[in-house]
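Start at 1 and go down the list; that is how both ligands and their atoms are numbered. The figures here come from the full heavy-atom set of this structure, side chains too, leaving out hydrogens, waters and symmetry mates. All residue numbers in this chain count up from 1 along the given sequence.
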Amino acid sequence: MSASKKTAAADDPKDRFIKIGIIGGGQLARMLALSGHPLGINFVTLEPAADACAAAVAEHVIGDYDDRGKLEEFASKVDVVTYEFENVPAESVKYLSEKKLPVYPPPQALAVSRDRLKEKTLFRELGIPTPNFSAVGNIEDLKTAVETIGLPAVLKSRTLGYDGKGQAVIKSKNEIENAWERVGKVDCILEGFIAFTREISVIAVRSREGEIRYYPVSENTHKNGILHVAIHSPNDPLQSLAEDYGRRLLEHLDYVGVLALELFVVDGATLMANEIAPRVHNTGHWTIEGAATSQFENHIRAVAGLPLGGTTVPNSCAMVNFIGEIPPAASVLEIKGAHFHDYGKFAKSGRKLGHATICRNTRNDVIAGVDEILALSDIS
Ligand code: AMP
């Protein structure tokens with residue numbers, strides 16, 4: 001049921017609330033729930049970890065994503081389902097759909113985004129430039145692909161890769177065997193290594209009625225394959241091209257919710273698609289304080305069948321991830337224009353524990369603010 005279809009005049013306030021089920025209970029689920037509570041929306045997460053960080057703000061069904069009993073319990077509690085990661089088992093989504101539960105974004109977006117070969121093939125079909133690529137199923141395929149694609153190249157597992165995991169850069173032919181071992185001898189794609197000048201992402205949201213809104217693009221830098229800093233790029237010369245590529249994907253997939261498209265900028269003017277994420281995205285965390293409506297609230301609005309909110313960004317802003325360690329809240333909050341987010345997770349090397357957003361009047365001021373935040377921890 002859409003939130004707008006429930007009457008605002010019901011006697012018991014619970015009767016006018018809808019419940020959104022989120023598959024996954026990490027920080028994205030937590031921020032989705034935090035953004036939906038003011039709208040009178042309640043949340044249930046399905047997630048195997050008992051100490052999942054979204055459990056603080058949502059009812060938590062503890063169970064594996066493919067556990068039929070737990071899926072049934074989860075399904076019985078919610079009106080509509082969304083998810084916070086792309087590797088949701090296809091069978092589970094099918095099961096929920098058979099229960100007549102709407103699943104947004106639609107299952108076809110999951111199928112494309114969880115398999116790099118399907119994803120890159122779709123980019124090509126839609127006329128969206130992407131690095132040259134070849135499917136690789138064994139070491140002989142890999143040797144042939146190296147001849148076709150050329151070196152340097154990046155070998156990536158077709159599924160289950162994220163934050164640079166399941167990837168190996170091949171610079172010379174004598175690294176082929178080692179790269180094949182390192183990605184685990186699984187189905188892969190080999191793609192050309194792109195000497196990009198910038199990495200950007202565009203985050204878009206599409207409503208159930210097909211209305212699309214875009215946020216200003218984000219300029220992103222990674223460290224050890226993990227997003228480190230994302231800076232809002234106002235009036236970016238590539239904004240409209242990025243939006244055009246985003247629109248092609250959203251319309252083709254009959255998409256509902258937030259979608260992130262990650263792009264390489266080559267020679268200042270060409271965009272090449274790297275990947276999509278069919279969900280709220282780390283490069284859009286600065287929208288929480290920076291935009292008229294955050295990516296999280298707009299995702300919830302789309303999924304709940306509510307009107308979308310504005311995506312304008314009145315100031316300049318940026319986000320810094322805290323990975324492996326997190327500074328004290330007080331030291332971040334002493335910085336002018338800074339906001340602090342602690343996901344409430346146990347510290348572990350390589351784990352995203354929280355982030356800071358910085359909003360100031362000018363881009364130069366924001367960049368100075370990012371440096372002040374980086375100086376607080378060893379992550380810089
Ligand atoms: P991915 O998991 O595909 O997003 O890759 C993680 C990061 O590796 C990207 O954000 C880039 O910084 C880098 N990367 C991935 N693919 C390529 C490529 N074809 N050429 C150059 N760098 C890449």
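- Both tests do not hold together for R248 against F123: distance to the six-membered ring centre under 6.0 Å, angle to the ring axis within 45°.
- A salt bridge links E297 with R301; the closest basic N to acidic carboxylate O contact falls under 4.0 Å.
- With sequence neighbours excluded, the residues satisfying salt bridge (charged side-chain N to carboxylate O under 4.0 Å, His left out) with D236 are R198.
- Each of the following atoms of ligand 1 lies closer than 4.0 Å to a heavy atom of F196: 12 (O), 21 (C), 22 (N).
- In summary, the atoms of ligand 1 found under 4.0 Å from a heavy atom of F264, numbered by their order in the structure, are 11 (C), 14 (N), 15 (C), 16 (N), 17 (C), 18 (C), 23 (C).
- Close approach of ligand 1 to R116 (heavy-atom distance below 4.0 Å) involves ligand atoms 2 (O), 3 (O).
- Listed by number with element, the atoms of ligand 1 under 4.0 Å from a non-hydrogen atom of E199 are 9 (C), 10 (O), 11 (C), 12 (O).
- Looking at I194 next to ligand 1, an N or O pair under 3.5 Å apart turns up.
- Some N or O of G192 is nearer than 3.5 Å to an N or O of ligand 1, by distance alone.
- Considering each of E262, E275, H222, Q167, the one bringing a non-hydrogen atom nearest atom 6 (C) of ligand 1 is Q167.
- Counting heavy atoms from C-beta outward, N274 and K120 have side chains that approach closer than 4.5 Å.
- In the vicinity of K156, heavy-atom distances shorter than 4.0 Å reach the ligand 1 atoms 3 (O), 15 (C), 16 (N).
- Between H285 and F296, the ring planes lie tilted relative to each other; the angle falls in the 30° to 60° range.
- Between L261 and A273, the shortest heavy-atom contact is CD1-CB, 4.1 Å.
- Exactly one of V202, N298, T312 qualifies for a side-chain contact (heavy atoms from CB on, under 4.5 Å) with Y215. That residue is N298.
- Applying the salt bridge (charged side-chain N to carboxylate O under 4.0 Å, His left out) definition to pairs two or more places apart or across chains, those involving residues 134-143 are K143-E177.
- Contacts between N220 and ligand 1, counted as non-hydrogen atom pairs separated by less than 4.0 Å, are absent for every part of the residue.
- Contact atoms of ligand 1 toward E191: 16 (N), 17 (C), 18 (C), 19 (N) (distance under 4.0 Å to a heavy atom of the residue).
- Look at A153 and you'll find every heavy atom at least 4.0 Å from all atoms of ligand 1.
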